[in-house]
Amino acid sequence: SGHQCITAYAGGKYYLIFPEYLDILSSTDGKTWTVVKSDITEMKTSTTSNWEKKFIGGNNRLLYLSYSGELFVSTNGGTSWTKSSNFSSVVWSGSGTGRGCTLNFCNNKFYALVEGSSYAYESTDGLTWSQSFSSPYTSSYAMVYYNGKYTLFSFSRYPGYNAVLAFSSTDLVNWSAVVTDADMLQ
């Protein structure tokens, strides 16, 4: 059986994290890898939830969302980590930590999208979070920013029907559907 490996890119380095072994590797070229001595023990101690851990990079920071729903931020390549002061109270308020959450980095901001929620949450530093925008569809799971536009992806699954939905916006307020592809994933 395989082992979970999560990837990220920040500050000119590639990162691989192996949560079950508490290992983080870094590389500037993707060929030569160095073990990062990290103080994050949350990876080993929180394995009670049914959604996967998240690891993302941006703004010369690494963000790690643990199984328990706590968010940790590193500004020194994964050597030391600081727990976000309000991620849990802002992002999980009213939804509970049993839901899935994706972390995205777009246009110099981090975004958290929570399964079943129509709200997105944002942070520039990963430590302090606030409600950002209302998603045009619940259960959005990914967002990208390119050429002045945000694109938000959602997935719907109903018996006998699967749909991938994409919405585009230049201001995170006005959204228009750009892809509505039913049965694309069957």
Side-chain angles (χ1 to χ4, degrees), residues 6-11 15 17 19 38-43 45-46 48-156 165-178:
I6 309 168
T7 61
Y9 183 81
Y15 291 90
I17 186 170
S38 180
D39 70 355
I40 190 165
T41 57
E42 181 69 15
M43 287 183 253
T45 59
S46 294
T48 57
S49 185
N50 60 353
W51 49 276
E52 66 183 62
K53 300 173 213 176
K54 310 295 183 208
F55 186 55
I56 192 168
N59 285 351
N60 292 317
R61 295 167 182 268
L62 296 171
L63 274 62
Y64 170 75
L65 180 59
S66 73
Y67 275 123
S68 65
E70 296 293 335
L71 184 77
F72 297 87
V73 179
S74 175
T75 58
N76 59 7
T79 302
S80 61
W81 297 82
T82 302
K83 184 177 166 182
S84 168
S85 60
N86 75 337
F87 182 84
S88 294
S89 63
V90 171
V91 174
W92 299 127
S93 70
S95 66
T97 59
R99 296 183 173 212
C101 178
T102 62
L103 296 175
N104 300 269
F105 183 72
C106 301
N107 199 19
N108 295 315
K109 288 186 181 179
F110 296 100
Y111 291 92
L113 305 172
V114 180
E115 178 185 334
S117 173
S118 60
Y119 294 106
Y121 305 89
E122 72 177 44
S123 174
T124 55
D125 62 6
L127 295 170
T128 305
W129 291 81
S130 61
Q131 187 173 316
S132 176
F133 64 89
S134 181
S135 171
Y137 194 81
T138 58
S139 295
S140 296
Y141 64 89
M143 188 166 79
V144 295
Y145 180 81
Y146 178 73
N147 206 21
K149 288 187 181 181
Y150 295 90
T151 303
L152 186 66
F153 297 92
S154 298
F155 176 72
S156 293
L165 309 170
F167 301 90
S168 179
S169 174
T170 57
D171 60 7
L172 297 175
V173 175
N174 300 298
W175 295 90
S176 59
V178 290

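Keep in mind the model is a prediction, meaning the values are calculated, not measured.
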4.5 Å side-chain heavy-atom contact, Thr124 and Asn108: no

Positive for side chain to side chain contact (heavy atoms under 4.5 Å, CB included) with Leu71, one of Thr82, Leu63, Asn86, Leu127: Leu63

Side-chain touch Leu113/Ser135, heavy atoms, less than 4.5 angstrom: no

Donor-acceptor contact present, side-chain Asn104 to main-chain Ala142, <3.5 Å: no

Set of residues satisfying salt bridge (charged side-chain N to carboxylate O under 4.0 Å, His left out) with respect to Lys149, sequence neighbours excluded: none

Check: Tyr121 and Phe87 side chains under 4.5 Å, non-hydrogen atoms: no

Close side-chain approach of Leu152 and Ser169, heavy atoms under 4.5 Å: no

Where Ala112 and Cys101 come nearest, the two heavy atoms and their spacing: CB-SG, 4.0 Å

Side chains of Trp81 and Leu62 in contact at under 4.5 Å (non-hydrogen atoms): yes

Distance-minimising heavy-atom pair for Cys106 and Met143: SG-O, 3.2 Å

Smallest separation among heavy atoms of Thr128 and Ser123, with atom names: O-OG, 2.8 Å

Check against side-chain contact (heavy atoms from CB on, under 4.5 Å), Asp171 and Phe133: CA-CA 10 Å; Asp171 60 7; Phe133 64 89; over 6 Å; no

Under the ring pair (Phe, Tyr, Trp, His ring centres under 6.0 Å) test, residues paired with Tyr150 that sit two or more places apart: Tyr145

Shortest non-hydrogen contact between Phe167 and Ser154, atoms and distance: CE1-OG, 4.3 Å

Donor-acceptor contact present, side-chain Ser38 to main-chain Gly78, <3.5 Å: yes

Check: Arg61 side chain, Asp125 main-chain N or O, donor-acceptor pair, under 3.5 Å: yes

Distance-only donor-acceptor check, side chains Asn174 and Ser176, under 3.5 Å: no

Heavy-atom pair of closest approach, residues Ser88 and Gly69: OG-O, 3.5 Å

Min side-chain heavy-atom separation Glu70-Ser84 under 4.5 Å: no

Contact summary for Phe110 and Gly58, nearest pair of heavy atoms: CZ-O, 3.2 Å

Interatomic distance, Glu122 atom CD to Tyr111 atom OH [nearest 0.5 angstrom]: 5.0 Å

Flag if over 12 foreign heavy atoms under 6.0 Å of OH, Tyr119: no

Separation between OG1 of Thr170 and CH2 of Trp175, rounded to the nearest 0.5 Å: 9.5 Å

